[in-house]
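Note that the structure is predicted; figures quoted are calculated from it, not measured. Below, chain A is the first sequence line, B the second, and so on; all start at residue 1.
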Amino acid sequence: MLDRRQFLKLGGATAFATLFGGCDKVQSRLIPFVIPPENYTLGEALWYASVCGQCPAGCGVVVRVSEGRAKKVEGNPLHPVNRGKLCARGQAALQALYHPERLSRPMKLSGARGSGAYTPVSWEEALSLLMGPLKKGKAEAPGSLLMVSEPMRGHAGLVAGRFMKAFGSKHRVAWDPFGPDAMLSANAAVYGVRDLPEHDLANARYLLSFSGDFLETGISPVHYAREYGRMRGDRETIRGKVVHFGPRLSMTATAADLFLPCAPGTEGFVALGIAHVMVRDRLTAASSAAGRLADDLGAYSPEEVEKKTGVHAHDIAAVAEEFARNQPGLAVAGTGAATGPDGAFHCAAVALLNVLAGNVGTPGGVSFPDRAQAFAKYGAEAALLAPSPESGYGGMRAALEKMRGGAFRMAILSGATNPAFTLPPSLKFNEALSKVPFVVAFASFLDETTSLADLVLPVPTALEAWGDDLAPVGHAGAITLCQPVVEPLHDTRSMPDVLIAAAKELGGEPAKALPWSSFRECIEKAYGGPGGEMEKALQRGGFFGESSSSRSASRTGSVAFPKAAERPIDGDPKAFPLALHLYPSLTLYDGRGANLPWLQEMPDPISTAVWRNWVEVNPKTAAGLGLAEGDGVTVTSPSGKITAHVAFNPGIAPDVAAMPLGQGHTRYGKYANGRGENPITLLPAGEMYALQATRVALAKTKLSTTLARTGNPEGQWKVKNMM
Amino acid sequence: MARRPFNAAIPLACLALTLFLSAGAAFAETVPQPIAFCHKIHVTDYKLNCRFCHSSTNKSQYANLPSVEKCMMCHRSIATDKPEVKKVAQYWNGKKPIPWNKVIDVPNHVYFPHKKMVNAGIPCLTCHPGMDQAGTAVQKLEFGMGMCMECHRKKKVTIDCWKCHY
Amino acid sequence: MSAEAPRADDHHLAKTDETAMFERLSRSNLVTTWKWYLGVGVAGAVLLWGLIVFLYMAMVGMGVTGYNKPVFWGLYEASLVFWIGLSHSGTLISAILRLTHATWRAPVLRGAEAMTAFTLMVGGLIPIVHLGRNWRVYYALPYPSSRELWPNMRSPLMWDAMAITTYLIGSLTFLYVGMIPDLALLRDKSAGGRRKFYSALSLGFRGTHAQWRRYHVASTLFAILIIPIAVSVHSIVSWDFAMAKVPGWHSTIFAPYFVVGAIFSGIAGVVIVMAILRKAFRLESVLTPLHFDNLGKLLCTMTLLWGYFYFTEFLTVWYNRNPEEWEVFSSYAGPYLPLFLTMIVCNFVIPFPMLCLKRVRRSISLILVPAISIVIGMYAERLLIVIPSLARRNDPFIWANYFPTWVEFSVMAGAAAMFVLLYMLFAKFFPIMAISDIKERLFHTADRTIGGTTVESIAQVEGEEEAHA
Amino acid sequence: MKHTWAMAIDLDRCTGCGACVVACNAENNIPVIGEAEAGKNRLMHWIRVNRYWEGEYPEAQAVYLPIPCMQCERAPCELVCPVYATYHNEDGLNAMVYNRCIGTRYCANNCPYSVRVFNWYDYKWEKPLDEQLSPDLTVRSRGVMEKCTFCIQRIRRAKETAAEEGREIRDGEVVPACVQTCPPGAMLFGDLADPHSEITRKLKDPRRFRLMEHLGTEPRVVYLKRQKGAGR
């Protein structure tokens with residue numbers, strides 16, 4: 001890796017753009033430098049460390065840069081979260097960087113709001129357009145400023161948080177559709193810590209997964225996939241066993257040794273059934289907790305649980321015994337369990353198993369290290385740098401209510417979480433936003449949300465900007481540093497940079513709160529400036545010292561027994577016979593990856609479909625409905641109706657229809673638009689952001705599109721021919 | 001230099017063209033350059049080593065062109081009155097790169113590491129004959145694969161296709 | 001076309017005078033009808049269209065075809081086998097007939113040999129058509145270059161190229177040598193530019209005793225040589241497939257099976273061409289039901305032989321149930337059922353019973369039914385050999401089916417048009433009937449009375465071999 | 001020194017996540033073909049992850065099988081190329097020389113693993129996505145075959161570096177993009193000629209098997225069987 005000083009010098013090498021840009025036909029010009037960068041050799045690639053910005057997991061990356069162009073992203077081998085590994089989405093970060101539809105200049109609305117008609121303006125004009133309402137708002141009604149962003153971590157969060165506070169508005173919503181709200185409240189109830197746990201898969205001998213998605217789209221898929229690999233094969237004599245319960249044979253489920261399908265929304269009952277057997281047969285390590293829970297668990301005998309969940313009683317008993325005898329073992333709940341109306345119950349019931357098995361704070365178990373201690377010096381403001389990874393759904397609903405009431409004069413939108421796409425349409429985000437007189441969006445792309453703005457300010461991607469990050473799990477307080485690995489492609493400015501500039505112009509409180517000239521200066525001040533430790537850290541990709549103390553769960557002794565609310569999901573089972581199971585797409589995540597061709601063209605591991613979404617049903621269910629693979633269907637819920645193609649999943653419960661999220665864009669560029677319809681439209685606007693909240697009916701229909709799949713419908717059953 | 005997709009070619013014309021080219025007719029023309037640089041003066045008269053200007057030839061797969069800064073290292077004081085040197089100074093003062101026209105092209109499907117050749121002690125003039133007597137850059141040899149093969153065989157270097165084509 | 005047998009007088013050419021006979025046999029060269037122009041025009045237009053589409057494909061990419069992964073070969077390659085198969089009509093038939101002294105062969109010879117040459121030309125172009133980079137086809141030529149790169153002689157495609165080239169040269173020579181006396185005849189009967197043209201081609205043949213002697217030696221020699229070439233060509237074409245690690249292709253029976261199939265389709269092709277020639281150039285007196293009867297008998301034998309080979313191939317796979325091969329054969333009952341049924345019905349179910357009947361064999365319009373059906377059936381067979389094996393490759397996950405697009409159809413229609421065009425031009429400018437052979441035979445032919453009926457003798461008269469000269 | 005490059009894929013670790021596919025896309029200038037072409041079974045990926053189904057509900061299971069080029073020791077593809085565009089190189093890899101290829105597609109037919117892909121068109125990279133194209137390897141034109149090369153450009157670089165430093169290539173110094181990124185660490189790459197390399201050790205595992213062993217192709221990609229847990 002190149003030392004940073006040399007890299008900074010590269011900053012001025014604009015000649016590169018002419019030299020190596022746009023090689024179309026035979027290159028006929030050779031344009032050398034005016035002044036060559038120090039120690040730079042033409043044709044020799046350089047590696048720079050940064051952070052992968054494609055999902056909130058916060059993996060460290062190194063980027064191979066050749067002739068001033070990023071060529072390849074790889075996992076940073078030194079980074080504790082991913083140790084050199086990277087998932088498909090991370091690999092595709094380059095396509096986000098070099099995307100043809102990236103916003104290259106500030107744009108102001110030139111037609112009706114939402115029409116998508118914009119005219120490019122200069123940054124000066126854009127900033128003056130921004131400052132006008134900002135100044136007026138600050139003077140007249142500081143509380144009328146709303147900021148909707150994705151969760152911002154590190155100093156970007158500090159800048160945004162301080163800006164809002166100094167401005168005088170407390171309306172800051174951080175929206176993340178897959179924020180593990182249910183898990184956080186369950187952890188608070190069971191472990192006494194409202195935080196995400198570290199699951200030590202690598203040292204576990206047994207893993208119970210309840211609709212787990214830790215290998216695909218969970219909190220930190222690369223971290224856990226690596227841990228999973230170690231659990232399977234890194235120990236000489238031990239191979240960890242995985243048992244998966246859930247309504248759908250997901251990618252994580254296929255990795256399990258034993259997949260036991262359960263009825264949708266019953267994962268917690270299975271967990272309680274296992275707990276029942278453990279307590280009944282005195283298989284628990286935590287006997288005091290077991291004693292207290294014995295009464296409550298009485299109602300969850302395997303036989304009772306079988307009635308509810310469809311998992312055979314003897315399976316539950318057998319798994320319970322295996323789990324108890326193969327310690328350390330882990331029980332984890334995934335998005336599928338957590339995002340039902342009863343998510344908190346499911347998560348708590350699952351967490352209970354860890355407590356009963358005595359696996360809290362032990363190797364191969366669950367622990368809660370104090371990851372944010374690196375930011376402890378900020379005191380109360382540390383929460384701005386290391387925010388709790390909540391979805392912010394409550395805040396969003398409250399904000400929407402206020403918007404409709406006309407409480408906001410101005411809204412700042414930022415981030416890739418795209419609320420206009422990821423919120424159920426019944427919440428009427430678009431309509432509410434139309435009540436806000438001035439909307440400014442910081443974005444790399446126009447999407448369903450940013451195209452509702454009056455002013456769109458282009459931001460650099462994670463590979464072009466300065467910053468720092470604190471990953472949610474997978475490390476003990478490691479801070480990742482980001483640097484521009486390439487010269488920014490377009491005339492972009494990061495949101496913290498713009499906020500700092502705006503604060504300066506506003507003067508007074510905001511200017512004092514953000515005392516830097518640029519975000520880069522903010523980062524440099526925070527980490528000791530250029531030279532010294534920060535320079536080394538930039539080369540390594542961050543501060544990865546194992547300095548953090550483990551903060552174990554505080555309250556495992558008085559575990560509250562989780563109570564199922566047993567809220568029924570939307571829809572009459574007669575009219576809507578199938579429970580809808582929505583899950584984050586492996587490739588497109590919450591939909592942000594849908595404009596990246598590599599991800600669109602990567603076959604899904606279950607359906608093997610590309611470029612379009614589908615509805616997964618059991619072949620038997622499909623036969624009953626007269627559906628063949630690839631057929632078009634209408635998917636109708638009480639809240640909406642969409643069409644999709646059928647894909648079979650022989651391991652999905654017969655009363656479930658599953659759909660991946662992420663497709664169905666309408667304003668996200670040509671690679672994303674028109675690739676099926678958004679299944680979010682089927683969801684009701686509930687108290688919680690629940691993905692498993694409705695029932696649907698399928699009916700055959702004719703579609704003009706076809707579903708491209710790599711697996712031959714007949715041949716995919718013939719593994720015997722191959723192995 | 002970044003590799004690019006092959007050009008679309010009309011099949012039959014291509015056949016004719018290949019025959020035409022293998023007849024060895026169409027090259028060695030002088031390419032016009034923004035500055036009438038003279039290799040002869042630098043190399044033959046002043047005995048400058050090629051690598052003094054083309055400094056990455058032993059370190060990289062590419063032989064780089066000197067930066068304007070490199071030219072000015074000497075031409076701040078030497079021959080400043082010459083009209084062509086004045087042009088260099090103009091570029092330097094304007095902090096603009098000199099837009100040289102390309103003379104030698106290695107096709108997209110060839111990996112040709114200069115450093116391997118230079119470090120193996122192959123004189124530059126083996127492949128670039130007459131450069132020491134030339135004005136602006138000339139290419140007097142046609143870079144056909146046969147030329148590579150001849151030398152590789154003679155020197156008993158690998159002739160594995162995948163050494164250069166992948 | 002009349003189903004009735006021509007009257008006995010008509011086909012006794014010996015009874016007509018020589019000029020009349022010449023005019024009758026050379027009608028194609030002497031009279032140019034508007035139908036001929038129309039035919040050439042239509043064939044030329046289709047060929048032009050095929051060429052345009054081919055150029056389009058070459059410039060845009062093979063993606064415009066229906067090819068995919070794993071079906072990298074399809075209609076083009078099946079057509080290649082089909083056309084090369086058709087080529088076994090002429091040379092082989094005429095050589096065998098020549099060697100076995102089947103005297104009835106004379107009127108069939110030239111037409112069949114010409115068919116060989118032109119189907120080979122068409123078939124030989126298809127390997128170039130199907131290349132991804134047609135403009136680099138010269139890489140496959142063994143020419144010395146400074147790069148010192150040579151073609152790979154281990155590749156069946158190279159064997160194929162050599163075999164087809166050899167066969168083409170051989171059959172062209174065979175055709176030409178056989179034509180020399182007739183060209184001389186045409187030279188003698190024509191004037192002006194045509195005369196110059198024919199005299200150059202006839203190589204000074206004047207019909208001396210020595211010339212006839214050499215002519216006979218040469219044609220017998222060629223007849224002997226061309227047979228192993230013909231057998232080897234289709235064996236090698238079959239090895240393009242049989243040498244591959246593709247279930248359904250990799251079969252020891254392929255070489256003889258392909259040769260039999262080739263002769264089978266070749267004879268059927270000859271029947272069709274003969275019927276057309278007979279009608280178009282009013283050769284009823286030369287091409288008699290007798291010829292069709294004989295060809296029909298050959299065809300009938302080949303039907304049985306083909307059926308036997310197919311049965312044997314199927315039987316071993318069916319009995320063995322090697323899963324990979326069985327997947328291929330199972331697909332005959334799946335997406336390739338129409339093709340399979342076409343093949344079985346057209347190659348066996350229709351032709352065999354029909355060809356067993358003398359009435360059918362002797363009726364020119366009726367014998368066309370099995371002949372045409374066999375050509376269709378053999379095309380289906382070629383497609384069935386090439387496509388399902390690829391569509392059901394070893395890895396079932398990537399199975400995919402194939403259907404040609406308009407591009408393949410257009411280019412192959414162009415290929416067919418090229419054959420028609422070449423044939424029509426040949427018939428116009430060259431003796432399509434082996435006049436001297438026919439004449440030679442006529443001297444040997446006499447009506448013989450056996451019992452109460454008079455029949456034409458086709459036996460050779462001993463000791464008269466060179467009397468004609 | 002002669003190398004015997006080989007790859008091990010541990011099916012017990014593979015989760016089917018497809019990171020290898022996209023990593024390969026990025027490393028090897030693999031074109032994106034779009035939905036219509038994908039529907040015609042023409043994906044250009046050099047490594048694919050087969051997903052087979054087994055069993056019926058509730059016992060249904062998926063089996064993942066990542067398939068790169070097997071780099072067969074006795075490669076069927078090499079024999080049939082009429083112009084030596086694909087051949088066995090000095091390291092025992094199946095080299096594919098694009099500029100020699102004339103596009104008979106015979107090699108693809110003869111590959112029992114169907115890992116070869118064909119450039120049906122001149123695929124285009126919309127600007128500025130072409131900035132990402134790696135300068136280390138050719139961008140293929142229409143009409144030529146291509147396939148996984150075990151990231152030959154990385155092997156070349158490592159050899160060059162090792163030669164410049166006057167040493168042998170170290171174990172683990174070369175990894176293809178797929179192996180490098182594989183999140184669960186299911187893939188391993190190394191030199192079988194080195195008796196101490198990790199892959200030599202790993203391939204002593206009794207779980208090893210190769211695909212379609214009966215065809216006698218002797219693949220250089222070795223799989224390790226999925227282990228079954230106690231199960232029911």
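In this structure, chain D has heavy atoms under 4.5 Å from both the backbone and the side chain of A:Ala653. For D:Ala62, the parts sitting under 4.5 Å from any heavy atom of chain A are the backbone and the side chain alike. Only the side chain of D:Phe209 comes within contact range of chain A, with heavy atoms under 4.5 Å apart. The contact between A:Ser607 and chain D is made entirely by backbone atoms, counting heavy-atom distances below 4.5 Å. Using a 4.5 Å cut-off between heavy atoms, A:Ile652 touches chain D through its backbone atoms (N, CA, C, O) alone. The part of A:Leu249 that comes within reach of chain D is its side chain, from C-beta onward, which places non-hydrogen atoms under 4.5 angstrom from that chain. With a 4.5 angstrom heavy-atom cutoff, A:Ala70 touches chain D only via backbone atoms. Contact annotation for A:Gln95: both backbone and side-chain heavy atoms come within less than 4.5 Å of a heavy atom of chain D.
The line from OH of A:Tyr98 to NZ of D:Lys127 is 12.5 Å long, rounded to the nearest 0.5 Å. Atoms CD and CH2, from D:Glu56 and A:Trp717 in turn, are 7.0 Å apart once rounded to the nearest 0.5 Å. One distance of note links OG1 of A:Thr705 with CD of D:Glu35; it measures 7.0 Å at 0.5 Å rounding. Atoms SG and CZ, from D:Cys17 and A:Arg89 in turn, are 10.0 Å apart once rounded to the nearest 0.5 Å.
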- Task: Evaluate side-chain contact (heavy atoms from CB on, under 4.5 Å) for D:Arg48 paired with A:Thr710, printing each intermediate quantity in order.
- Result: CA-CA 9 Å; D:Arg48 64 173 189 273; A:Thr710 58; over 6 Å; no

- Evaluation steps, side-chain contact (heavy atoms from CB on, under 4.5 Å), between A:Glu601 and D:Leu43: CA-CA 8 Å; A:Glu601 206 159 290; D:Leu43 283 185; 3.4 Å; yes

- Message: Assess the residue pair D:Asp136 and A:Lys72 against the criterion (side-chain contact (heavy atoms from CB on, under 4.5 Å)); give the C-alpha distance rounded to whole Å, side-chain angles, the decisive distance to 0.1 Å, and a yes or no.
- Response: CA-CA 12 Å; D:Asp136 290 347; A:Lys72 179 77 174 43; over 6 Å; no

- Message: Would A:Gln91 and D:Glu27 count as a side-chain contact (heavy atoms from CB on, under 4.5 Å) here? Give the steps.
- Response: CA-CA 10 Å; A:Gln91 291 283 352; D:Glu27 174 73 21; over 6 Å; no

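Nearest heavy-atom pair, A:Pro650 versus D:Ala60, reported as atom, atom and distance to 0.1 Å: O-CB, 3.4 Å. Nearest heavy-atom pair across A:Lys85 and D:Val179 is NZ-O, 3.5 Å. In terms of heavy-atom proximity, D:Ala38 sits nearest to A:Trp611 at CB-CD1, 4.2 Å. Contact detail for D:Tyr57 and A:Lys620: the closest heavy-atom pair is O-NZ, 3.5 Å. The two residues D:Leu65 and A:Met722 come nearest to each other via the heavy atoms CD2-CE, 3.9 Å. Contact record, D:Leu129 with A:Tyr671: CD1-OH, 4.1 Å, taken as the closest heavy-atom pair.
Taking chain D as the reference chain and counting heavy-atom pairs below 4.5 Å, the highest number among A:Val243, A:Asn618, A:Leu86 is found for A:Leu86. In terms of heavy-atom pairs under 4.5 Å with chain D, the best-connected choice from A:Asp234, A:Asn649, A:Asn712 is A:Asp234. Put simply, of D:Gly16, D:Gly34, D:Cys182, the one with the most heavy-atom pairs under 4.5 Å next to chain A is D:Gly34. Of the residues considered (A:Ala708, A:Ala225, A:Gly651), A:Ala225 shows the highest number of contacts with chain D, using heavy-atom pairs under 4.5 Å. Interface remark: of the candidates D:Asp10, D:Asn50, D:Ile33, D:Val49, D:Ile33 forms the most heavy-atom pairs closer than 4.5 Å to chain A. Chain A forms the most heavy-atom pairs under 4.5 Å with one residue out of D:Gly39, D:Cys20, D:Pro112, D:Ala23, and that residue is D:Ala23. Of the residues considered (D:Arg226, D:Gln132, D:Met212), D:Gln132 shows the highest number of contacts with chain A, using heavy-atom pairs under 4.5 Å. Comparing A:Ala253, A:Ala256, A:Pro619, A:Gly711 by heavy-atom pairs within less than 4.5 Å of chain D, the highest count is held by A:Ala256. With chain D as the partner, the residue from A:Arg232, A:Lys718, A:Met251 showing the most heavy-atom pairs under 4.5 Å is A:Met251. Heavy-atom pairs under 4.5 Å with chain A were tallied for D:Val21, D:Asn41, D:Val32, D:Ile30; the largest tally goes to D:Val32. Contact tally against chain D (heavy-atom pairs below 4.5 Å) for A:Gln600, A:Arg102, A:His223, A:Arg64: the top residue is A:Arg64. The most heavy-atom pairs under 4.5 Å with chain A, out of D:Gly18, D:Ala177, D:Cys14, D:Gly185, come from D:Gly18.
More than 12 heavy atoms of other shown residues, nucleotides or ligands fall within 6.0 angstrom of atom CD in D:Glu164. Within 6.0 Å of CD on A:Glu101 lie more than 12 heavy atoms contributed by other residues, nucleotides or ligands. The environment of D:His196 atom NE2 is sparse: at most 12 non-hydrogen atoms of other residues, nucleotides or ligands sit within 6.0 angstrom.
In this structure, D:Arg51 and A:Pro603 have side chains that are not in contact, with every pair of non-hydrogen atoms separated by 4.5 Å or more.
At least one donor-acceptor pair under 3.5 Å links the side chain of A:Lys71 to the backbone N or O of D:Glu131. With hydrogens and angles disregarded, a donor-acceptor distance shorter than 3.5 Å links the side chain of D:Gln180 to the backbone of A:Gly84. No side-chain donor-acceptor contact under 3.5 Å links D:Arg13 to the backbone of A:Met231. For D:Tyr64 (side chain) and A:Pro605 (main-chain N/O), a donor-acceptor pair under 3.5 Å exists by modelled atom type.
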